[in-house]
Number of protein chains: 2
Amino acid sequence: MAYLERTSETMGHGVVAARSVREIADTPQARTQRHGQHHVVFYEGDAAERIYELQDGIVMLYKLLPDGRRQVVEILTRGMIFGTAGGPRYDVSAETLTPVRLAVHERREVDASAVLQSHVAKCLMAQMEGLHEHAMLLGRKSAMERVASYFMRMVPNRGGEGCAGPVSEACDPHDLVLNMTRQEIADYLGLTIETVSRVISELKRRGVIRLERQDRIHVTRVCGLCQLTGIH
Amino acid sequence: MAYLERTSETMGHGVVAARSVREIADTPQARTQRHGQHHVVFYEGDAAERIYELQDGIVMLYKLLPDGRRQVVEILTRGMIFGTAGGPRYDVSAETLTPVRLAVHERREVDASAVLQSHVAKCLMAQMEGLHEHAMLLGRKSAMERVASYFMRMVPNRGGEGCAGPVSEACDPHDLVLNMTRQEIADYLGLTIETVSRVISELKRRGVIRLERQDRIHVTRVCGLCQLTGIH
DNA sequence: CGACATTTTGACCTAATTCAAGCATCGTGG
DNA sequence: CCACGATGCTTGAATTAGGTCAAAATGTCG
């Protein structure tokens, strides 16, 4: 557990003390990997020999159809796990969206360690809820609801059910950074790039958001955005 | 099974958790529950106090939006686990599609047992792949591809990638039972009931399937159906 | 048999896609 | 520092897959 658990010094936002360690040591336990943006950690179909915990940064998991259609199935943030597999091969590809720091465990290590498995179970239980939510989004929400939900994901204390008060403190503006291209967003939301763009423009038009830059969004009215997610 | 089955069927989606099955026994280990068809094991929003393993039968997990839109997020078969939660409440409702036999574990039992957690981890890793596959279906496949994929799920040794040979032994016909109404299928596939019906009619017209009954399908050409799933 | 529920079919409509330009934005090298 | 491609983003017009609404048909069961 010690190695999967985030140590207090790393809890802060990407502080990183000088320790220019690429691999802390050859601990039989976890080792740490670092990767830059747009690095593919593994491909769908690769032998599933390692399990990863994301210590810092963002990773996306996606699947491809032979004709090139892509679906981003999960977006992972700090503390989440990936690389788990039911069979001998990965069912998705994993690609970094930002520079990342990963804790890496050999599959057999995990198979042999009750502590690790316990941790994996806990993480997967939580992550599964995200997948359920995403299935609802993909199967039943309109383009506007999908984009609004996507933005709300990135607002801390996002109005999950208990967003109640429409004019309360939750209504103050909020800034967020996308870390994804329009194409990646589209592939995550099950839309085309054009539709994503159009919906964003519509949100600007309605005064709900403002674009500081392509990938930096100022949410003028968080509650207004939340109202558009379909969960109210 | 007979007792109290009514209780939780008090309608009102998710609102009140009227379960009172908890007093069956105080077995520290797993106990077994049986339920008939269309029984709701728990509602979205209920306190997540138990984890279930499906020993026999079929269960579906679904989420609802406040306006009534429903998305079936997972269909569970023998050996699969449900009722896991990241937080204190279930994020989905669980309803039986057939009579079922369930192994029930108190949440705290699981929290205290390395063996159980190990088992849960294993199951969730496998089930997660199903959710990924489903996200691909919901986000990127056409109505025809969705229905074809849905039917293929129920063909044993379904052509997952290695379906290669188009005229091989895999091409022989196959019978399957749906266990779901058109509405349930539609809610699983992210379509309307009319679209599901139309696609099924189209498959009949093309001679790929034949309806023995509403819920019994004879797949005349398994390979033909497989070709329509989008994975080739 | 007859009443109800589910499924199918038809006609029409709309949200989202597709195709095709135009625009920003950004990094590079002159 | 600015011109220049390159890349990614936005916008418009036309198309379409799937949804909606409204019967009709089929199945189910007392």
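In what follows, every chain begins at residue 1, and chains take the letters A, B, ... in the order their sequences are listed. Note that the coordinates shown come from a computational prediction; the quantities given were computed from them, not determined experimentally. Hydrogens, waters and symmetry mates are skipped; everything else that's a heavy atom, side chains included, is used.
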A.B. asks: Provide, to the nearest angstrom, the distance between the CD1 atom belonging to B/I185 and the P atom belonging to C/dT6.
C.D. replies: 14 Å

A.B. asks: Tell me: CG of B/L138 to C1' of D/dG18, nearest whole Å?
C.D. replies: 15 Å

A.B. asks: Show the numbers, then the answer: is there a salt bridge (charged side-chain N to carboxylate O under 4.0 Å, His left out) between B/D56 and B/R34?
C.D. replies: CA-CA 9 Å; B/D56 222 346; B/R34 282 163 189 283; over 6 Å; no

A.B. asks: Between the base of D/dC9 and the side chain of A/E194, is there a donor and acceptor pair under 3.5 angstrom?
C.D. replies: no

A.B. asks: May I have the distance from A/L137 (atom CG) to C/dA16 (atom P), rounded to whole angstrom?
C.D. replies: 12 Å

A.B. asks: Taking all non-hydrogen atoms of both residues, which atom of B/Y188 and which atom of B/H134 are closest, and how far apart?
C.D. replies: O-NE2, 2.9 Å

A.B. asks: Report which part of the nucleic acid A/I200 touches: base, sugar-phosphate, or nothing (heavy-atom distance under 4.0 Å, all strands).
C.D. replies: nothing

A.B. asks: Can you tell me how far P of D/dT28 sits from CZ of B/R216, to the nearest Å?
C.D. replies: 11 Å

A.B. asks: When you measure only distances, ignoring hydrogens and angles, does the side chain of B/R205 come within 3.5 Å of the base of C/dT8 through a donor and an acceptor?
C.D. replies: no

A.B. asks: Which comes earlier along DNA chain C counting from the 5' end, the contact point of A/Q214 or that of A/M144, where each point is its nearest nucleotide?
C.D. replies: A/M144

A.B. asks: Compare the minimum distances between each of D/dT10, D/dG18, C/dT7 and the side chain of B/S142, then state the nucleotide with the smallest one.
C.D. replies: D/dG18

A.B. asks: Can you check the B/E202 CD to C/dT8 P distance for me, whole Å?
C.D. replies: 14 Å

A.B. asks: How close do A/R50 and A/Y90 get, heavy atom to heavy atom, and via which atoms?
C.D. replies: O-OH, 2.6 Å

A.B. asks: Remember a base hit wins even if backbone is also touched, and classify A/T181 as base, sugar-phosphate or nothing at under 4.0 Å, heavy atoms.
C.D. replies: sugar-phosphate

A.B. asks: At less than 4.0 Å, is any side-chain N or O atom of B/R182 found next to OP1 or OP2 of C/dT8? Yes or no.
C.D. replies: yes

A.B. asks: Under 4.0 Å: is that the gap between some side-chain N or O of B/T195 and OP1 or OP2 of D/dG19?
C.D. replies: yes

A.B. asks: Kindly give the heavy-atom pair with the smallest separation between B/K141 and B/E133, and that separation in Å.
C.D. replies: NZ-OE2, 4.3 Å

A.B. asks: Only one of A/R206, A/R198, A/K204 clears side-chain hydrogen bond (donor to acceptor under 3.5 Å, both in side chains) with A/E202; which?
C.D. replies: A/R206

A.B. asks: Do any side-chain nitrogens or oxygens of B/T192 fall under 4.0 Å of OP1 or OP2 in D/dG19?
C.D. replies: yes

A.B. asks: Determine the minimum heavy-atom distance between A/V199 and A/A143, stating which atoms define it.
C.D. replies: CG2-CB, 4.0 Å

A.B. asks: Can you figure out which of D/dG19, C/dT9, D/dT11 approaches the side chain of B/S201 most closely?
C.D. replies: C/dT9

A.B. asks: Rounded to whole angstroms, how far apart are CZ on B/R69 and P on C/dA15?
C.D. replies: 13 Å

A.B. asks: Mind calculating the distance between CZ (B/R140) and C1' (C/dT17) to the nearest angstrom?
C.D. replies: 11 Å

A.B. asks: DNA chain C: A/G190 or B/M180, which has the more 5' nearest nucleotide?
C.D. replies: B/M180

A.B. asks: Round to a whole Å and report the spacing from CD of A/Q183 to P of D/dC9.
C.D. replies: 9 Å

A.B. asks: By nearest nucleotide on DNA chain D, pick out whichever of B/V196 and B/D215 is the more 5' one.
C.D. replies: B/V196

A.B. asks: Side chain of A/R198, base of C/dT18: donor and acceptor closer than 3.5 Å?
C.D. replies: yes

